[in-house]
Amino acid sequence: MKPYTFIFLLTMLTGGYLYAQETTTLSKEEVLARVLEDNRSLKISEQEFFQARADYRQTNAVFLPNIKASHTGFTTTNPLMAFGSKLNQEILTQNDFNPVLLNDPDRVNNFATKIEVQQPLVNVDGFLQRQAAKSKMQATELQGDRTRDYVLLEVEKAYMELQLAHEAVSVLETAQEAALENKKLADNSFNQGYLQRADVLAVDVRVSEVNNQLQMARSNVQNASDYLSFLMNEESGRIWMPSDQLKAENLYSAESLQLSGDRADIQAMEFATDAYEKMNKADKMAFLPRLNAFGSYELYDEDFFQGAASGYMIGAELSWDLFQGSKRFGKAQKSKAEFEQSKLELDQYKAKSQMEINRAKRNVEDLYDKMKRSELAVEQSEEAFRIRTNRFEQGLEKTTDLLQTETQFQQKQLEYYQTIFEYNFAKSYLEFLTKAE
């Protein structure tokens, strides 16, 4: 078996296996719906928001009381503990003041049920930390919105890549048919003595080349399908067929598109900066005193889970940490530096985003012009291929010229679809950069 014949058969077998797999037609709207429901990145983003929300809810402790209940039991012959336990149980008698019993008491059982309540009253740094946690939660939520926008952009790109891969297969299948037809003509001409063996071999090489390209194109279809399955959180291995073809979109004026301060990621960074500012203020307010109220209700008895005697205590505490070895000074300085850094990063991010928008605008216009030139090149190369094919059939063209024209026509078709993909994605990317909530 000749090498090129073996390669041709192998390519046909592998390509046939690929397309023998389950092929399912899928619209872009269906992909978007599945991605919004099952995409892992979106679920991870959602969990990050839940974490930030839980952190914010923890700061409710600034307002809400801390309530604790306990039941403690012990037995003792310790003079002080024994006397105090009887006193708490309200069972002291005159005899208990006997010095002999005071110094060497009998064993005493004591069970205490205690309910304690601590209520924050004034905690300035805690209030500011709560505000910082809220800003962080809002920043995380907005960052999740931006993640959603990015995932949808990835879906647009992945779906167009799938369209492009199928278009490439279609072009190369047509090129394969043309190459096989030219091979048949070359074989007939060789048998009739009109062509040399070298010309026939050149046609065979062309057939093998197209077969290899077709196999690669079919692999690209599988790759694009797998990535789309990954975005939809489905098992890979299926072949997805887009319900519509890759088409060039119209050019639109992008001059009015500018960076919006309402873009989710920019708002998220602004909330993050606000959180750093609140934390810096909280560190400064840590120098102020704190006022907390407390109270407890206690039940005592010599038996388990009983309460013959009871008592309560209510009070307030004003505490002030005057000096912690300069720890708070360093913490305040650090939070101030983090706040200043976040402001610089926000300004840098806005400037970089505007630069990307300006670049994207120019890219859209350049790719539109490139697409139009590529479309004209396809028409010209198709006409040239048609003319040379007719002349070759009449024996008026060289084999090398025909093969060169055929190759050029195929390349121009692939370049055209590639340019359509690049232009459509450039428009989607520009819309992503200028999107406002």
Side-chain angles (χ1 to χ4, degrees), residues 50-51 53-133 278-279 281-335:
F50 290 157
Q51 293 176 36
R53 187 177 64 182
D55 288 338
Y56 173 64
R57 288 177 175 175
Q58 289 183 47
T59 63
N60 289 337
V62 176
F63 304 105
L64 301 180
N66 181 20
I67 303 175
K68 178 182 177 182
S70 64
H71 185 76
T72 306
F74 63 85
T75 182
T76 182
T77 58
N78 180 280
L80 182 62
M81 296 295 294
F83 185 83
S85 297
K86 285 188 173 184
L87 184 62
N88 284 332
Q89 294 175 21
E90 301 176 2
I91 58 175
L92 278 177
T93 64
Q94 186 67 35
N95 191 45
D96 291 315
F97 289 93
N98 186 337
V100 176
L101 294 178
L102 284 174
N103 292 324
D104 188 17
D106 296 331
R107 183 172 63 89
V108 175
N109 296 327
N110 185 68
F111 294 94
T113 301
K114 188 176 184 180
I115 300 175
E116 298 178 272
V117 178
Q118 294 178 334
Q119 174 65 56
L121 297 178
V122 178
N123 188 348
V124 180
D125 58 328
F127 298 153
L128 290 168
Q129 288 172 358
R130 175 178 170 82
Q131 294 175 10
K278 293 294 192 305
M279 287 302 300
K281 291 181 178 179
D283 291 338
K284 293 178 180 178
M285 293 298 105
F287 292 92
L288 298 178
R290 298 180 180 181
L291 178 62
N292 299 302
F294 61 88
S296 65
Y297 182 72
E298 303 164 2
L299 299 171
Y300 295 96
D301 205 288
E302 60 181 350
D303 294 323
F304 185 68
F305 275 118
Q306 298 296 321
S310 63
Y312 68 86
M313 179 175 59
I314 299 176
E317 179 187 33
L318 181 66
S319 61
W320 196 347
D321 286 337
L322 297 176
F323 187 68
Q324 292 184 345
S326 77
K327 177 181 177 180
R328 286 184 299 179
F329 292 100
K331 188 177 180 181
Q333 291 171 356
K334 179 182 177 181
S335 62

Quick one: [atom1] on [X] to [atom2] on [Y], what's the gap to the nearest 0.5 Å?
| X | Y | atom1 | atom2 | answer |
| --- | --- | --- | --- | --- |
| Ser85 | Glu302 | OG | CD | 11.0 Å |
| Thr76 | Asn78 | OG1 | CG | 4.5 Å |
| Asn95 | Leu101 | CG | CG | 5.5 Å |
| Leu291 | Gln119 | CG | CD | 10.5 Å |
| Thr75 | Asn110 | OG1 | CG | 9.5 Å |
| Leu128 | Thr59 | CG | OG1 | 11.5 Å |

Partners meeting salt bridge (charged side-chain N to carboxylate O under 4.0 Å, His left out) with Arg130 (sequence neighbours left out):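 If we apply the salt bridge (charged side-chain N to carboxylate O under 4.0 Å, His left out) test to Arg130, skipping adjacent residues, there are no hits.
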With sequence neighbours excluded, residues passing ring pair (Phe, Tyr, Trp, His ring centres under 6.0 Å) with [X]:
| X | answer |
| --- | --- |
| Phe294 | none |
| Phe127 | Phe63 |
| Tyr300 | none |

Salt bridge (charged side-chain N to carboxylate O under 4.0 Å, His left out) pairs, two or more places apart, involving residues 64-79: none
Just grab all the salt bridge (charged side-chain N to carboxylate O under 4.0 Å, His left out) pairs involving residues 88-109, residues at least two apart or on different chains.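 Qualifying pairs, neighbours excluded: Lys86-Asp96.
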Pairs touching residues 308-321 that satisfy side chain to side chain donor-acceptor pair (under 3.5 Å), sequence neighbours left out: Asp321-Gln324
Kindly indicate whether the side chain of [X], heavy atoms from C-beta on, has any atom under 4.5 Å from the side chain of [Y].
| X | Y | answer |
| --- | --- | --- |
| Tyr297 | Val117 | no |
| Thr93 | Ile91 | no |
| Ser296 | Lys114 | yes |

Are the side chain of Arg328 and the backbone of Ala286 linked by a donor-acceptor contact shorter than 3.5 Å? yes
For Arg57, does its backbone N or O pair with a side-chain atom of Asn60 as donor and acceptor, under 3.5 Å? yes
Working for side-chain contact (heavy atoms from CB on, under 4.5 Å), residues Phe83 and Leu92: CA-CA 8 Å; Phe83 185 83; Leu92 278 177; 3.8 Å; yes
Sequence neighbours excluded, the answer for side chain to side chain contact (heavy atoms under 4.5 Å, CB included) partners of Pro120 is Asn292
For [X], enumerate each residue passing the side-chain hydrogen bond (donor to acceptor under 3.5 Å, both in side chains) test, keeping only those at least two apart in sequence or located in another chain.
| X | result |
| --- | --- |
| Lys331 | none |
| Arg53 | none |
| Asn66 | none |
| Asn123 | none |

Closest non-hydrogen atom pair between [X] and [Y], with its separation:
| X | Y | answer |
| --- | --- | --- |
| Ala82 | Val108 | CB-CG2, 3.8 Å |
| Met285 | Val124 | CG-CG1, 3.6 Å |
| Leu102 | Pro79 | O-CB, 3.3 Å |
| Lys278 | Ala132 | CB-CB, 3.6 Å |
| Asp283 | Ala332 | CB-CA, 3.8 Å |

In terms of the angle between their ring planes, are Phe111 and His71 parallel, tilted or perpendicular, with boundaries placed at 30° and 60°? parallel
